[in-house]
Amino acid sequence: MFTGLIEEIGTVHTIRKGLKSAQITISASKIMNDVKLGDSISTNGVCLTVIEFTKNSFTVDVMPETMRRSNLKDLKHGSLVNLERALKVNDRLGGHIVSGHIDGVGKIKKIEEEDNATWVSIQAPANILKYVIEKGSIAIDGTSLTVAYAGSDIFKVSIIPLTKEETTLLGKKVGDEVNLECDMMGKYIERLLEFKEDKKSKSNIDLDFLTRNGFI
């Protein structure tokens, strides 16, 4: 689990792509002071497992499913990525609970300034937007942000100067893809309702069968 509060911006040192997978080595400094083999590190919001590390870098494997669902497929040597170590039980939860399991990608449609804030409009598919609510939380490239507007095909967030400085988000341009993770609560509720409706449907079918055959 993560908080969505980015600790450091790392740099892709090497990326070795397989047919559908990749192995990526990322240079970092702050987060390396207590890294261990098998640790989870959120990389652009994706929970990845450390398989090798040195004093100033770590290496992760990226499986095909992750490549398909995220913008990690677009990384190259020199790319900047948001990094966060896994949440400690006794840490303050300053952002929101982020699993590191990406729902999909969105595309930046507009970036505009308003006084000390920057508005970012992101286009996303319907299967993601249905979980996005105004004033709800969303993780964008691993950064915990508050949804300021939710429309039919676009949502907007407003970025403060500190977030601009400490993350990669405003280093991107219109047309770039970003990883999106919605609040998991909505997904759990939807799944429970699906099972409830399925059970109700089966109950109706059983009742019809009993009625037609004179059992009731």
Side-chain angles (χ1 to χ4, degrees), residues 1-12 24 26 28-35 39-50 58 60 62 66 69-72 75 79-108 111 116-124 127-150 154-172 176-189:
M1 290 293 182
F2 306 91
T3 66
L5 301 182
I6 304 305
E7 295 186 272
E8 179 179 6
I9 295 176
T11 304
V12 174
I24 306 172
I26 297 168
S29 55
K30 180 180 178 180
I31 68 165
M32 300 306 300
N33 61 23
D34 64 351
V35 166
D39 276 359
S40 296
I41 296 179
S42 171
T43 306
N44 269 6
V46 181
C47 179
L48 298 175
T49 301
V50 176
F58 66 96
V60 294
V62 185
T66 305
R69 280 191 180 252
S70 74
N71 63 12
L72 298 188
L75 295 180
S79 293
L80 301 180
V81 290
N82 292 327
L83 301 175
E84 182 193 353
R85 290 168 289 188
L87 172 68
K88 292 181 180 178
V89 175
N90 63 343
D91 279 353
R92 291 187 178 91
L93 188 59
H96 73 283
I97 295 175
V98 178
S99 69
H101 302 153
I102 300 303
D103 291 304
V105 296
K107 184 174 290 187
I108 296 176
I111 300 173
N116 68 337
T118 304
W119 284 86
V120 181
S121 300
I122 297 174
Q123 187 177 51
N127 66 313
I128 291 177
L129 275 174
K130 65 180 178 178
Y131 303 118
V132 178
I133 62 170
E134 192 168 312
K135 301 307 176 185
S137 296
I138 191 164
I140 302 177
D141 274 353
T143 305
S144 175
L145 294 165
T146 301
V147 177
Y149 167 83
I154 282 177
F155 71 92
K156 299 180 183 182
V157 293
S158 185
I159 309 297
I160 62 172
L162 181 64
T163 303
K164 179 178 180 179
E165 295 169 7
E166 299 292 330
T167 74
T168 64
L169 186 54
L170 292 184
K172 294 179 180 290
D176 284 351
E177 288 187 335
V178 290
N179 293 329
L180 301 175
E181 182 189 334
C182 304
D183 190 336
M184 65 178 70
M185 186 62 71
K187 290 176 276 187
Y188 278 122
I189 293 171

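Pairing each heavy atom of Tyr131 with each of Cys182, the nearest pair is CB-CB, 3.7 Å. Closest non-hydrogen pair, Ser144 versus His96, comes out as OG-ND1, 2.7 Å. Scanning both residues, Glu84 and Gly4, for their nearest heavy atoms gives OE1-N, 3.0 Å. Here the shortest heavy-atom pairing between Lys172 and Glu177 reads NZ-O, 3.9 Å. Residue Ile138 comes nearest to Leu180 through the heavy atom pair CD1-CD2, 4.3 Å, listed as atom of the first residue, atom of the second, then distance. In this structure, Phe2 and Ser42 approach most closely via the heavy-atom pair CE2-N, 3.5 Å.
When the shell of 6.0 Å around NZ of Lys107 is examined, it contains 12 or fewer heavy atoms from other residues, nucleotides or ligands. Within a 6.0 Å sphere centred on CD1 of Ile9, heavy atoms belonging to other residues, nucleotides or ligands number more than 12.
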Report the C-alpha separation of Arg85 and Asp34 in whole Å, then their side-chain angles, then the decisive distance to 0.1 Å, and conclude whether the side chain to side chain contact (heavy atoms under 4.5 Å, CB included) test is met.
-> CA-CA 10 Å; Arg85 290 168 289 188; Asp34 64 351; 2.9 Å; yes

Test side chain to side chain contact (heavy atoms under 4.5 Å, CB included) on Met185 and Ile97 and set out the steps.
-> CA-CA 10 Å; Met185 186 62 71; Ile97 295 175; over 6 Å; no

Show the numbers, then the answer: is there a side chain to side chain contact (heavy atoms under 4.5 Å, CB included) between Asp141 and Asn71?
-> CA-CA 9 Å; Asp141 274 353; Asn71 63 12; 3.1 Å; yes

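Checked against Thr143 for a side-chain contact (heavy atoms from CB on, under 4.5 Å), the options Val178, Thr163, Ile159 give a single hit: Thr163.
Going from atom CD1 of Ile111 over to atom CG of Asp176 covers 8.0 Å, rounded to the nearest 0.5 Å. Residue Leu80 holds its CG atom at 7.0 Å from OG1 of Thr168, rounded to the nearest 0.5 Å. For the atom pair Glu7 CD and Asn82 CG, the distance stands at 11.5 Å (nearest 0.5 Å). Expressed to the nearest 0.5 Å, how far NZ of Lys187 lies from CD of Glu181 amounts to 5.5 Å. In this structure, the separation between CG on Leu83 and CD1 on Ile6 is 7.5 Å, given to the nearest 0.5 Å. The CD1 atom of Ile128 lies 5.5 Å from the CG atom of Asp103; values are rounded to the nearest 0.5 Å.
Considering only heavy atoms from C-beta on, Leu145 comes within 4.5 Å of Leu169 through its side chain. In this structure, Phe58 and Thr43 have side chains that are in contact, with non-hydrogen atoms separated by less than 4.5 Å. Residues Leu48 and Ile41 have side chains not in contact (no heavy-atom distance under 4.5 Å, counting atoms from C-beta outward). Looking at heavy atoms from C-beta onward, Ile102 lies out of side-chain contact with Leu72 at the 4.5 angstrom threshold. Under the 4.5 Å side-chain criterion, counting only non-hydrogen atoms from C-beta, Phe155 is in contact with Leu129.
Side-chain N or O atoms of Asn179 include none that pairs as donor or acceptor with a backbone N or O of Ser70 at under 3.5 Å.
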